[in-house]
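Contents: one structure, followed by commentary.
None of the values given here were measured: they were computed from a predicted structure.
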Protein chains: 2
Amino acid sequence: MHSPTKHIAESTVRRLSLYLRFLEEFEARGQTTVSSGELARSGGTTSAQVRKDLSFFGSFGKRGLGYGVKDLISSIREILGLEQPWPVIIIGAGKIGAALAQYRGFTSRGFHVVGVYDADPSKVGMQLGALAVRSDKEIERDIAAHKPRIAVLAVPADAAQPMVDRVVAAGMHAVLSFAPAPLHAPHGVTIRAVNMATELEILAYSLTHGV
Amino acid sequence: MHSPTKHIAESTVRRLSLYLRFLEEFEARGQTTVSSGELARSGGTTSAQVRKDLSFFGSFGKRGLGYGVKDLISSIREILGLEQPWPVIIIGAGKIGAALAQYRGFTSRGFHVVGVYDADPSKVGMQLGALAVRSDKEIERDIAAHKPRIAVLAVPADAAQPMVDRVVAAGMHAVLSFAPAPLHAPHGVTIRAVNMATELEILAYSLTHGV
DNA sequence: ATGGCTTTGTGAAATCTTTCACAATGTAGT
DNA sequence: ACTACATTGTGAAAGATTTCACAAAGCCAT
């Protein structure tokens with residue numbers, strides 16, 4: 001239970017994260033039980049999809065009744081690894097980096113920002129919420145000392161790959177990049193890239209070719 | 001040419017956007033011709049994938065030689081609908097909205113921000129680059145008058161769905177949301193949601209379960 | 001307890017996406 | 001003009017994901 005034998009598709013993990021959000025809403029409304037159909041309706045998918053997604057990790061429901069809201073919340077949190085805290089560093093204290101550093105939704109699920117770095121000396125020392133921006137020269141030392149698990153990159157495109165190489169060399173295994181640049185990393189390191197321009201271009205495509 | 005008969009997968013459109021980025025790099029370096037293999041290597045995919053993606057829209061290469069860099073750039077820009085400008089409005093002038101409004105990579109590909117709105121009177125009038133924040137009450141009038149094609153939402157989770165309903169009622173057909181909330185829209189309206197928390201949770205999953 | 005109703009969990013089928021593999025076509029050198 | 005070589009475009013195969021459909025299991029009312 002909770003440890004799938006075969007590889008799980010990213011789309012499944014993404015939906016689990018979504019289900020978790022709905023379940024928390026159901027919990028806040030005091031609902032104790034939820035069916036795959038209800039979850040599916042909230043998330044724009046099908047009940048079979050919900051059941052299949054969960055079935056990769058075990059059997060969490062009661063036939064005839066559905067899923068216990070609180071139980072399923074714990075189960076999904078455990079599946080996603082959210083029962084432990086995830087220290088995160090943010091690299092790049094420009095507009096986006098600064099906004100992320102102070103973004104509250106960020107910290108809510110166990111992710112908490114433990115450091116913000118910038119290469120620009122004029123930004124170093126700047127206060128962002130509770131944190132002061134540190135020099136990028138401290139990144140390696142801080143990674144070694146505090147073992148943050150995820151690095152969020154909000155640096156210019158041409159600085160992104162060199163910075164990935166640095167944090168990976170320093171022992172980082174997960175990177176979330178907002179830089180508009182494709183990134184490569186060695187096996188064993190997970191990189192995710194969010195590219196605003198690409199998202200807009202997909203919208204432009206769908207507007208251009210009809211929905 | 002340029003108008004596929006069958007439905008095109010989002011993954012294909014996403015890769016086209018990526019290829020465009022690489023092609024522009026090749027162009028900047030003065031390269032006039034590129035093979036599917038070279039494009040594949042930059043993008044972490046396979047040459048067959050590149051050729052298949054393009055083949056949905058027509059035949060753009062020369063056998064034995066590859067693709068003309070400039071020609072392929074125009075072709076992909078046309079496929080994605082980037083030969084025309086795309087006026088965009090940003091709703092929500094908090095940290096994220098303000099950062100997006102001033103994000104330069106945003107405007108580079110024909111997307112340009114023509115309005116920023118917020119419901120908070122204390123934010124209205126605030127200057128963000130060349131634009132002043134306007135009251136959310138003006139959204140409907142401005143959509144009718146200036147016909148922006150895409151709305152970017154950077155509002156709190158509970159304000160997101162009502163705001164989608166408002167802009168859709170006012171005639172908007174495409175929304176890019178950064179709100180941590182699942183959104184629904186009628187048929188004919190495309191919604192894309194970028195959810196920072198979900199991206200981090202996918203990283204947490206991959207760190208928890210090994211890569 | 002029994003019967004009717006609901007809902008899960010899951011193989012099998014259908015659909016969608018990627019990869020393979022190769023004929024067709026064009027280049028470049030001689 | 002010919003030959004050797006490179007590369008595209010694309011059906012067909014393989015692989016991945018989603019949907020179907022139904023037996024199994026448990027709830028609830030009587």
Ignoring hydrogens and geometry, is there a side-chain-to-backbone donor-acceptor pair from [X] to [Y] under 3.5 Å?
X: Glu78(B); Y: Glu83(B); answer: no
X: Glu27(A); Y: Lys70(A); answer: no
X: Arg77(B); Y: Leu82(B); answer: yes
X: Glu38(A); Y: Ser35(A); answer: yes

Between dG9(D) and Ser55(B), is there an OP1 or OP2 to side-chain N/O distance shorter than 4.0 Å?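 So the side chain of Ser55(B) is outside the cut-off, no N or O lying under 4.0 Å from OP1 or OP2 of dG9(D).
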Distance below 4.0 Å between Tyr67(B) side-chain N/O and dG9(D) OP1 or OP2: yes
Evaluation steps, salt bridge (Lys or Arg N to Asp or Glu O under 4.0 Å), between Arg141(A) and Glu138(A): CA-CA 5 Å; Arg141(A) 200 184 321 154; Glu138(A) 324 236 26; 3.4 Å; yes
Which of residues 26-48 of chain A have a heavy atom under 4.0 Å from DNA chain D?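 Correct list: Thr46(A), Ala48(A).
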Within the 4.5 Å heavy-atom criterion, are Val133(A) and Leu128(A) side-chain neighbours or not?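 A side-chain contact exists here, since the closest heavy-atom pair is under 4.5 Å.
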Could you tell me which residues satisfy side chain to side chain donor-acceptor pair (under 3.5 Å) with [X], sequence neighbours excluded, listed by chain and number?
X: Thr198(A); value: Ser17(B), Arg21(B)
X: Asp120(A); value: Ser122(A)
X: Thr32(A); value: none

Protein-proximity profile, nucleotides 22-30 of chain D, B/S/- by nucleotide at the 4.0 Å heavy-atom cutoff, equals -BBBSS---
Sugar-phosphate atoms are those with a prime plus P, OP1 and OP2; base atoms are the rest. Using that split, label each nucleotide of nucleotides 12-17 of chain D B, S or - for protein heavy atoms under 4.0 Å, 5' to 3'. B----S
Please list all pairs passing the salt bridge (Lys or Arg N to Asp or Glu O under 4.0 Å) test where one or both residues lie in residues 45-62 of chain A, with sequence neighbours left out.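 Applying salt bridge (Lys or Arg N to Asp or Glu O under 4.0 Å) to every pair that reaches into residues 45-62 of chain A, excluding sequence neighbours, yields Arg15(A)-Asp53(A).
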Under the salt bridge (charged side-chain N to carboxylate O under 4.0 Å, His left out) test, residues paired with Arg29(B) that sit two or more places apart: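 For Arg29(B), the residues satisfying salt bridge (charged side-chain N to carboxylate O under 4.0 Å, His left out) (neighbours in sequence not counted) are Glu25(B).
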Please report the end-to-end axis angle for the helix from dA1(C)-dT30(D) to dT30(C)-dA1(D), five pairs per end, rounded to 10 degrees. 30°
By ring pair (Phe, Tyr, Trp, His ring centres under 6.0 Å) - contacts of Tyr205(A) (at least two apart): His209(A)
Which value, rounded to the nearest 0.5 Å, describes the distance between His173(A) atom NE2 and Leu207(B) atom CG? 8.0 Å
Say you draw a straight line from CD of Glu201(B) to CZ of Phe111(A); how long is it, rounded to the nearest 0.5 Å? 5.5 Å
Distance under 4.0 Å to a non-hydrogen atom of chain A counts as contact; along DNA chain C, which nucleotides mark the start and end?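 Footprint of chain A along DNA chain C, 5' to 3': dT6(C) to dA12(C).
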Only pairs under 3.5 Å count here: list side-chain donor-acceptor contacts from residues 142-157 of chain B, not counting sequence neighbours, and write none if there are none.
| from | atom 1 | to | atom 2 | distance (Å) |
| --- | --- | --- | --- | --- |
| Asp142(B) | OD1 | Arg134(B) | NH2 | 3.4 |
| Asp142(B) | OD2 | Tyr117(B) | OH | 2.5 |
| Asp142(B) | OD2 | Arg134(B) | NE | 2.8 |
| Asp142(B) | OD2 | Arg134(B) | NH2 | 3.2 |
| Lys147(B) | NZ | Ala144(B) | O | 2.9 |

